[in-house]
Amino acid sequence: MEHITEELVTQYIRKTLRPEQGRLTQMERLAEKEHIPIIQKEAGRFLSVLVAMLCPERILEMGTAIGYSAILMAKASEAQIISIERDEEMFCRAVENVSAYGFQNRICLLHGEAETEVRNLPGKFDFIFIDAAKGQSPVHFELALEKIAPGGVIVTDNVLYRGMVAQEGDVGHKHRTIVMRLREFLDMLCTDSRFDTAILPIGDGMAITRVKKQNEKEIISSAER
């Protein structure tokens, strides 16, 4: 696993974290062994604290994997969570893990493509976590905008892509498309007057975006005139 901060800093931060217990620890070990993309430890702790602070009633997650981050959010809140996973094997593992924690009544797992499943969901969400394919982050964010409540928060993980998004010069043909998409995506998040966005160098980079309420946008538009 590559880090976007110095290894010394990353390891120090991880030493400050209370270790997870029981099945979450097993999930971490499994993910490391089988190279399953779950949220990195320090980013997971930040996500848990953020959810606990915001106290959302409804959470949408795009990219369940084995259910690790959904369980973290369920432990940190009383929210009802809907999580979508396209890979059948990952979905089945997530079902098992969520059931083992007894969260099956609060975490609803859906197997399918986010582009289809999100549009079929009723109602709005207070908090949306995007942790799916990096190259699809702009698409998934647009889906999130359709479902986020005014004043709600969208967190997009892995936005700095091993630090290559900030790297000057040629990043190589293999990664060029993803890097360009992420750069354009972050530029939009940080310049669009509909949002307040902060980019954090934690995990593989996280973008925290608050979608402004209509009256806030009207005040800003009036001030700009």
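Source: prediction; values computed, not measured. Just so it is clear, the values below take in all heavy atoms, side chains as well, and ignore hydrogens, waters and symmetry mates. Residue numbers start at 1 and run along the sequence shown.
Counting heavy-atom neighbours within 6.0 Å of E32 CD, excluding the residue itself, gives a total of 12 or less. The neighbour count for E88 CD, taken as heavy atoms of other residues, nucleotides or ligands under 6.0 Å away, does not exceed 12. In this structure, K124 places its NZ atom where more than 12 heavy-atom neighbours from other residues, nucleotides or ligands lie under 6.0 Å away. R86 CZ: 12 or fewer foreign heavy atoms inside a 6.0 Å radius.
A side-chain donor-acceptor contact under 3.5 Å links D126 to the backbone of E57. Side-chain N or O atoms of S69 include none that pairs as donor or acceptor with a backbone N or O of I39 at under 3.5 Å. When atom types are taken as modelled, the side chain of Y101 and the backbone of L24 share a donor-acceptor pair closer than 3.5 angstrom. Side-chain atoms of R194 never come within 3.5 Å of backbone atoms of K212 as a donor-acceptor pair (strictly under, hydrogens ignored). Judged purely by atom type and a 3.5 angstrom limit, K213 has no side-chain atom pairing as donor or acceptor with the backbone of G152.
Atoms CD and CG, on Q40 and D157 in that order, are 8.0 Å from each other to the nearest 0.5 Å. Rounded to the nearest 0.5 angstrom, E85 CD and H111 NE2 are separated by 7.5 Å. For the atom pair CG (L47) and CE (M73), the distance works out to 5.5 Å, reported to the nearest 0.5 Å. In this structure, R58 CZ and L121 CG are separated by 7.5 Å, a value rounded to the nearest 0.5 Å. How far CG of L160 is from CZ of R162: 13.0 Å, rounded to the nearest 0.5 Å. Rounded to the nearest 0.5 angstrom, S137 OG and D131 CG are separated by 9.0 Å.
Residues F195 and I154 form no side-chain contact, since every pair of their non-hydrogen atoms from C-beta on lies 4.5 Å or further apart. Annotation: side chain of F141 is not in contact with side chain of M62 (no heavy-atom distance under 4.5 Å). Contact of the H140 side chain with the L143 side chain is registered, since non-hydrogen atoms from C-beta on lie closer than 4.5 Å. V159 places none of its side-chain heavy atoms less than 4.5 Å from the side chain of V165. At least one side-chain heavy atom of L50 sits under 4.5 Å from a side-chain heavy atom of F127. Contact check for V51 versus P56: side-chain heavy atoms found under the 4.5 Å cut-off. Side-chain contact between Y68 and I36 is absent, with no heavy-atom pair separated by less than 4.5 Å.
Considering every non-hydrogen atom in both K134 and L182, the closest pair reads O-CD2, 3.8 Å. Pairing each heavy atom of G67 with each of A94, the nearest pair is N-CB, 3.8 Å. For the residue pair I71 and N97, the shortest heavy atom distance occurs at CD1-O, 3.9 Å. Between A79 and R106 the shortest heavy-atom distance is O-NH1, 2.9 Å. Contact between L186 and I199 at its shortest, heavy atoms only, is CD2-CD1, 4.0 Å. Of all non-hydrogen atoms in I84 and E113, the two that sit nearest each other are CG2-C, 4.4 Å.
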Test F129 against M206 for side chain to side chain contact (heavy atoms under 4.5 Å, CB included), laying out the working first.
CA-CA 10 Å; F129 180 47; M206 300 183 86; 4.2 Å; yes
Going through the distances and angles, do I208 and L200 end up as a side chain to side chain contact (heavy atoms under 4.5 Å, CB included)?
CA-CA 8 Å; I208 319 301; L200 304 182; 4.1 Å; yes
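For the side chain to side chain contact (heavy atoms under 4.5 Å, CB included) criterion with I82, the lone passing option out of T64, L110, I128 is L110. Tested against I66, the residues I38, V98, V95 include a single side chain to side chain contact (heavy atoms under 4.5 Å, CB included) partner, I38.
Residues passing the ring pair (Phe, Tyr, Trp, His ring centres under 6.0 Å) test with F46: none are found, sequence neighbours excluded. Listed by chain and residue number, H175 satisfy the ring pair (Phe, Tyr, Trp, His ring centres under 6.0 Å) test with Y161 (two or more places apart in sequence, or in another chain). Scored by the salt bridge (charged side-chain N to carboxylate O under 4.0 Å, His left out) test, D87 finds no partners at all (sequence neighbours excluded).
Under the 4.5 Å side-chain heavy-atom criterion for grouping Ile, Leu, Val, Met, Phe, Trp and Tyr, V139 is not connected to I130 through any hydrophobic cluster. Linking ILVMFWY residues whenever their side-chain heavy atoms come closer than 4.5 Å, directly or via other members, leaves V49 and I59 in distinct clusters.
Looking at E115 and R119, no side-chain N of the basic residue comes within less than 4.0 Å of a carboxylate O on the acidic one, giving no salt bridge. Under a 4.0 Å N-O distance rule, the pair R23/E96 qualifies as a salt bridge.
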